[in-house]
Enquirer: 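One structure coming up, written as structure tokens, with questions to follow.
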Amino acid sequence: MERSRASGSSTAYTVIGLVFALLIGGYFFYRISGVVLAFLLTILLSIILSAPVNYLERRGWPRTWGVLAVLAVLVGLVWLFGLALVPAVETQSREFAEAFPSLLDEALTLANQAQSYFGLGTQIGLNPRSFSEVGREFLTGSTVSTAAGVGLTLATALSLGVVVFISTIYLVIRPAPWVDGFVSLFPAGWRPRTREVLEAMYQTVQRWFLGQLAAMTFIAVFWAISLSIIGVPFALLIGIFSGLVSFIPYLGATISVVIPILLALISDPFTVIWVVLAFIIIQQIEGNLLQPIVMSRAVDLHPALVVFAILIMGTLFGLIGVFLAVPLVAAVQVLVRELWVQRMDEIGTDPNPPTRVPPRRT
């Protein structure tokens, strides 16, 4: 009787201790969320940069010179990209800013016509007074204080960016101490398996990035070309925007097609059919041909899991968290599969094993 009572008291103390530990851990994570974000970015960027540096090292280059060469190539590509596209993008951006009020007015007219046609009732309109109120608020002290707060946030972001850049360079130049130090935390018999799991996660994130970069480039180029042929205005600007937002799985494709459809409806409603057809063709080529070849079997995530990961990471870390969501979840999935699922498969016999679905792109 006394033994069971002591056991119950021990269990209660354990539960209370776990609850307090979770609360303290959650509060600590909240207080250092910026540091956690910087750490995750450092790990991701170091994995991405390690691929070409490792290749150069296998060719006989020292890692320091390999890092410098890769950075020089990246700076050169960005410079060439800016030299070729920035003037055209700047021109289209200026034209879009000038045409935005009339485009917005035409879009609202189109929306009101659709509401009247379907009998939805209330019409949509713009209140010029609201714009003047925004202008007055912009000149008030509250807006100045808000701008000061934004400046502080930008300063913090810049400092974290510098930390991430320096940490990434050091981590790429000397990855062995980090890896060996992490592996040494495990028992000696587990260390070979730990290295295998780390290598699997490393390969998964690298293939994800390669596939994502290829997909973004493909969508930006062919979307801009297609819209130019169709005659949709601001084709280059929309193409670049579509390529950038395509890093958001599933949601990015939907966002990228909304603006071209609206512009097509405003300029020439009959071109909407061609816009939708071009969108379908690009998505089919990118999803069924390009990504399976590039990404192979690297990432196999359920769409619902990806959406919830984006929501959670976006809530915690904003836009950068959205970018980190898929590689982080993909790495966690590899961890769960290698350390848990395989061990569970070895215990007993399942008369009705789960169906192995072929991996799909995220």
Enquirer: Answer yes or no: is there a side-chain heavy-atom contact under 4.5 Å between Val67 and Leu49?
Expert: no
Enquirer: Measuring from atom CD1 of Ile259 to atom CG of Leu237, what distance do you get when rounded to the nearest 0.5 angstrom?
Expert: 8.5 Å
Enquirer: Quick one: do Phe39 and Ile48 end up in the same hydrophobic cluster if we chain Ile, Leu, Val, Met, Phe, Trp and Tyr together by side-chain heavy atoms under 4.5 Å apart?
Expert: yes
Enquirer: Measuring only between side-chain heavy atoms, which start at C-beta, is Thr42 closer than 4.5 Å to Val163?
Expert: no
Enquirer: Mind checking whether Phe182 and Thr194 have side chains closer than 4.5 Å, heavy atoms only?
Expert: yes
Enquirer: So, Gln206 side chain and Ile47 main chain: donor-acceptor pair closer than 3.5 Å or not?
Expert: yes
Enquirer: Let me check something: do Leu68 and Val70 share a hydrophobic cluster, defined by ILVMFWY side-chain heavy atoms less than 4.5 Å apart, either directly or through other members?
Expert: yes
Enquirer: Does Val172 offer a backbone N or O that forms a donor-acceptor pair with the side chain of Arg63 under 3.5 Å?
Expert: yes
Enquirer: Could you grab the distance from atom OG of Ser46 to atom CD1 of Ile173, nearest 0.5 Å is fine?
Expert: 12.0 Å
Enquirer: Hey, any chance Ile238 and Phe81 share a hydrophobic cluster, counting ILVMFWY side chains that come within less than 4.5 Å of each other, even indirectly?
Expert: yes
Enquirer: If I take atom CD1 from residue Ile230 and atom CD1 from residue Ile273, how far apart are they, to the nearest 0.5 angstrom?
Expert: 11.0 Å
Enquirer: Of the options Ile320, Val36, Thr168, which is the one that meets Leu41 in a side-chain contact (heavy atoms from CB on, under 4.5 Å)?
Expert: Ile320
Enquirer: Answer whether the closest heavy-atom distance between the side chains of Trp223 and Phe218 falls below 4.5 Å.
Expert: no
Enquirer: Does CZ belonging to Arg174 count more than 12 external heavy atoms closer than 6.0 Å?
Expert: no
Enquirer: Backbone N or O of Val164 within a donor-acceptor pair of the Ser167 side chain at under 3.5 Å?
Expert: no
Enquirer: Looking only at heavy atoms, what is the nearest atom pair of Ser184 and Arg191, with distance?
Expert: O-NH2, 3.2 Å
Enquirer: How close do Ala220 and Gly243 get, heavy atom to heavy atom, and via which atoms?
Expert: CB-CA, 4.0 Å
Enquirer: Just verifying a value: how many Å separate Glu196 CD and Trp190 CH2, rounded to the nearest 0.5 Å?
Expert: 15.0 Å
Enquirer: Within a strict 4.5 Å, meaning less than it, do heavy atoms of the Val334 and Val205 side chains meet?
Expert: no
Enquirer: Can you find a heavy atom in the side chain of Ile255 that is under 4.5 Å from one in the side chain of Phe241?
Expert: yes
Enquirer: Looking at OG of Ser242 and CD1 of Ile219, how far apart are the two atoms once the value is rounded to the nearest 0.5 Å?
Expert: 8.0 Å
Enquirer: Any heavy-atom pair between the side chains of Met313 and Leu328 that's under 4.5 Å?
Expert: yes
Enquirer: If you take all heavy atoms of Ala235 and Ser228, which pair is closest and at what distance?
Expert: CB-OG, 3.2 Å
Enquirer: Leu185 and Val183: same hydrophobic cluster, using ILVMFWY side-chain contacts below 4.5 Å?
Expert: yes
Enquirer: Nearest 0.5 angstrom please: Leu324 CG to Ile43 CD1, how far?
Expert: 11.5 Å
Enquirer: Please walk me through it: do Ser256 and Phe279 pass side chain to side chain contact (heavy atoms under 4.5 Å, CB included)?
Expert: CA-CA 9 Å; Ser256 65; Phe279 173 76; 4.2 Å; yes
Enquirer: Are Asp180 and Arg195 ion-paired here, with the side-chain N under 4.0 Å from a carboxylate O?
Expert: yes
Enquirer: Consider only side-chain heavy atoms of I, L, V, M, F, W and Y, link residues closer than 4.5 Å, and tell whether Val326 and Leu45 are in one cluster.
Expert: yes
Enquirer: For a 4.5 angstrom cut-off between non-hydrogen side-chain atoms, does Asn54 reach Tyr202?
Expert: yes
